[in-house]
Each structure stands twice: as structure tokens, then as C-alpha cells.
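Below you'll find the structure, written out as C-alpha cells, and then a few comments.
Heavy atoms only: backbone and side chains are in, while hydrogens, waters and symmetry mates are out. Every chain is numbered from 1 and lettered A, B, ... according to where its sequence line falls, protein lines coming before strand lines.
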2 protein chains.
Amino acid sequence: MPTENNRTGERNVAAIERAADVLFLFANSDNQTLGVTEISSTLDISKAVVHRILASLRDRGLVALDEESRRYSLGPAVLVLADAYLDGIDQRSIAAAAMRRLCTATNETVTMSVLTGGRRVYVDQVTPPMEVKMTVQVGASYPLHAGASSKAFLAFESPEVRDQVLSGDLPAVTSETITSRSDLERELAEVRTRGWAVSLGERESGAGSVAAPVFDQGDVPVMVLSVCGPVERFRDRVEEVAGLLLTTTEELSRQFGHREPSPAGH
Amino acid sequence: MPTENNRTGERNVAAIERAADVLFLFANSDNQTLGVTEISSTLDISKAVVHRILASLRDRGLVALDEESRRYSLGPAVLVLADAYLDGIDQRSIAAAAMRRLCTATNETVTMSVLTGGRRVYVDQVTPPMEVKMTVQVGASYPLHAGASSKAFLAFESPEVRDQVLSGDLPAVTSETITSRSDLERELAEVRTRGWAVSLGERESGAGSVAAPVFDQGDVPVMVLSVCGPVERFRDRVEEVAGLLLTTTEELSRQFGHREPSPAGH
DNA sequence: GGTGTCTGTTCCGCAGAGCGGAACGCTATT
DNA sequence: AATAGCGTTCCGCTCTGCGGAACAGACACC
């Protein structure tokens, strides 16, 4: 039996999934440009096929070819998709006003993250009018074990997802990252009982953050909001910020149809 | 002979191009979500195939399915690609310093655009620290006939590309948009001789902009920089801004290997 | 300037992936 | 009940596209 490459059990089109894998290889690899052979050996697809996939993607502008070096890179068309995606998430517009208010109340940057492919991606942010403030990269993705937003997701995810992350590697992103499985489990249990997560430099040195999820009808977190900024400004006001944050996320959860006012209640 | 759907004459994979077309349909359509039948009839692909394409794309996070409404939308994974793409364009880092300087000198927003699939896409911007300023949406795409940046591209594109745009529709984006072919041709000729383009509200009402291309070794424009802001602040200083802009783009063109100091010379 | 070793690209015949018409289950609407 | 729309699934035949191998350049080494 050949290796199954599709995650769902559906009747899929292998060529499309391979093409997607090629695209993500550009995103995950350290190099910005890739050659045919490199892709072929990494993904274990024959050179001929890789070449045809690239030709097709190139045809649609999703990858670009540098004629000189004969090396491939992502094409500008991916921006068009990203722009359309960002326009489309109604969570963004629903939460925008609440995020601005939270930003004004705390005087710190407020971010929104969603989950994709086992990682967390920033989809929006509101920054305060201050000289020294934190800015995140919308579109950047991070693993689920490091940082407040990631922990907020992980704590409220299904046990299966949680197990999968916990049983994998927990690489140290900074010197403060929690890298032991048991420590992280204890931390996540605590996040669940109090309803929010905190990180002081676990994902980015010098950055402090408090994060809490917004739920929909089920108990599935649809997104996580975080308040983040320079760690020195954060250390002494974690509780205060967490209170403001929870007020915001609970109100949003209600808007998304979540019933059960206190997620901390048994 | 069935309709040819690939633009290049290469040996491509039809399934991948169809999948890409589905993705772009999300970006181009007015609705944020699409149903199987809708996609099927718009792209003239059988429902069964559309369904399988969507299953595959969903598997990789490129589209998302709202279980309730059974409607599809773009997925968060497109953000990951866009983020990687933006990291990858070295034009951005090369031009970043020059753009900041131009922004400081003019006290207006400076943007960078590239060409993709017959449209223009913003890939970067630098904004001045002012209360009233212009902000563009990085990733947003526009047609090639409206606005200063678009005209700057079109004027220096190959005659074939220019002809293709000029012989198509020239829809009015605002009341100021040039919609007559002959008017636009005259305008483009002028842009070519003086080296820069100007628009007062052609693409966005109330927005003024001056734009000029940066060339590589050949005479192909690799990107277009624009200085843009509220039209009232622009009307009286077009020439002044154009001078500063040209100094910047000519310096950048030299960095990209362009020889021929005055593109206006015969 | 041969000779070797990398690239990326093209060729072509065989095999099985995936196309598509039709059937199926749903949910609304009448 | 009946109709009409949707998304999903089925299955047999067909033609796409897989992949080993050959090819064409670009370097590097001696």
C-alpha cells in the first residue's frame, strides 16, 4: 500500500495536494528559492512531475521562475488570495471594534490569531499610538506550544489535537519556552481553569502577552485575542490586562453564539 | 479541439490549473463564500470535479468549509504563502531604505507595486507620521488602466501587453478614470517621454498619486513606486514630488542593473 | 578541452487516477 | 406531498499525466 498523503479520508485529487505541498515547501524552507531537484528529493516526487507542477503553478502566477538561475520562488498571485481571504473573515470585522476598545483601554497592541494546519497564524492587529510598542507580522505562523496565544488555543483544543502537539517535539523558540511535556500540561490545565494564558518572552524575547480564546456555539475556539507589548510594561499588570481581555473575549463569544458564561465553571 | 486553458504552451497539469482557477474565483467574486454549483457553472467544470478539488484544497487548508451552510471560502493557509512571498522579494529589502527616504522627503505615503496576471498588486508601503495620510491595502490588486502606478506600468510594458489591455474594457473605477482608448494612448505616450505618471483621483476618489517604474537589465519594469496622498495636498506639488520620485527610481534602477541613465532619451 | 557531475527539461508508452453523467440524500419552499 | 434546489457519492470508461530514461546546458576540475 503506497503512503497516504491526504489527511482526510475523502476522494481527493493527488495532483492538487502535491501542488499545494510544493507551495508550502517554499513557505517552510529556509531558502526563498528552490530548484526542481531540491523539491523533487524533499517531497519524494519525480523530477518530471515537479517540473510539470511548477509549470502549471507558474502559469497561474502562484510561482515565479528566475530565467537566469532557473530557480523557482513564490509568485505575487499568492498575495491576491491572501488579500481576498483577509477581506472574507467576518470574525475580523465583528471583532475589530472590540479590539480597538481593548487597545485603547490597555494602551498595548491587540492581536487576533486563528488556527491552520497545526499552527497559529496572526490575522489582524491593532496597535496603540505609542513610541515603543509591539508589532506582529500578519500572516506569520507559529507552533502551538510557545507564547500566550498558542497556549490559549492549545488549552481549549480537543484532547486529540493537544496530544498530537504534546507528543511531538517542543523546540525552544527562546530561552523561556516551555520544552517539557509535563510542565506544559500543568500550564495548560491552569490556563483552562482561569480562562487565559500568559507568556513572558516564551515566543519572542522581551515580549509579554496575555491571551484568551473566543468560542462559538460548540466549545471550539474560533480565534484567540492577545494583548501584547514590551515585557517590562507587562510584568506588573498581568492580572489587570487579563481582566479587560476576558471581558472582551466573553462578549465576543456571546456574539458568536457561545452559551455558558463562565468557561471556568465546572 | 477543447478550449485551451493554459496560457503558456507548456506541458501542464490540468487539475492544478483548475484548482488555481477555483482559488482565484474566490478572490475575484463579489461573495466571500461560494457553493459547489456556483463554482461549477462559472468555471464550467462538472460538480463532481469541483467537489473533489475543494476536498483537496481543504485538506491543505487553502479553502475552508462552513459545515453548517455547506459553503466554501478561502482558508488561512493562503496567509502563510503570502507571508513567505513577502519575505522573499529582495526588491522589497533593496528598496525599503529608499522608500523611507522618499517618504520623509515628501511627507506622503510611498507604495511599491508589482505586476501579476495582468493586474497590479501593492506589495509594500511606507507611511508618514501624519494625522491625515493615505494607506493602501498590501495585496490588493487593480486593473492596469486606472491610477498613476498602473499607468506607469502600462506605459513601459511591451506593446503586446499594452495592446491587450487597451483593446479590452476600460471600466470607470471613479468619475475621473480615463475610459477612452485614444485618450489613454495619448496619456501613456506622455508618461513615456517624461518618465512618470500622475493621477488625481483616477483610481480612488480624493487620492492623488505620482508614480514611476524601476527597471532591470532589460527595459522591463520590475516594480513601480508611487507617492500618494490626499488630492488637495497633491495638486500644487506634482512636479516637485515627481522630481524626488525620479531621483529615487533612477537610483534603484541602477542598483537593479539598468544601464541608460535617461529612459526619456531616444 | 576533455571528462565528470551537477543542473533543468523533454520524450513516450503504459496504467490507473480521476472525469462526469446519473443517482442519492438533504433542506427549503410551495 | 411534491418540487426544486443544494452538496455529495457512485462507478465504468477514457485519456491524463506518471516516471524512467534520454537530452541539453552550466559549471568545476585537472
Tell me: [atom1] of [X] to [atom2] of [N], nearest whole Å?
X	N	atom1	atom2	answer
L54(A)	dC18(D)	CG	C1'	16 Å
D59(A)	dG17(D)	CG	P	13 Å
D44(B)	dG20(C)	CG	P	9 Å
I53(B)	dG7(D)	CD1	C1'	15 Å
E38(B)	dT8(D)	CD	P	14 Å
I16(B)	dA17(C)	CD1	P	16 Å
H51(B)	dC26(C)	NE2	C1'	13 Å
R18(B)	dC15(D)	CZ	P	14 Å

Considering only [options], which nucleotide approaches the side chain of [X] most closely?
X	options	result
V36(A)	dT9(C), dG17(D), dT8(D)	dT9(C)
A48(A)	dG17(D), dT10(C), dT8(D)	dT10(C)
T37(A)	dG8(C), dC19(C), dG20(D)	dG8(C)

task = Report yes if a donor N or O on one partner sits less than 3.5 Å from an acceptor N or O on the other, where the partners are the side chain of R52(B) and the base of dG20(C); otherwise report no.
result = yes
key: K47(B) (side chain) and dG7(D) (base): donor-acceptor pair under 3.5 Å   =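 By the distance-only test, yes, there is a pair.
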Side chains of T33(A) and S73(A), donor plus acceptor under 3.5 Å = no
key: Any side-chain donor near an acceptor of the partner, D66(A) and S69(A), under 3.5 Å   = yes
Heavy-atom side-chain proximity of R120(B) to V114(B) below 4.5 angstrom =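 A side-chain contact under 4.5 Å is absent here.
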query = Can a cation-pi geometry be assigned to R58(B) and Y72(B), taking NZ or CZ under 6.0 Å from the six-membered ring centre and within 45° of the ring axis?
reply =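 Verdict for Y72(B): no cation-pi partner in R58(B).
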message = Between G35(A) and S46(B), which residue's closest nucleotide on DNA chain C lies nearer the 5′ terminus?
response = G35(A)
query = Does a nitrogen or oxygen in the side chain of Y72(B) sit under 4.0 Å from OP1 or OP2 of dC6(D)?
reply = no
ask   = In terms of heavy-atom contacts, does CD of Q255(A) have more than 12 from other residues, nucleotides or ligands at under 6.0 Å?
value = yes
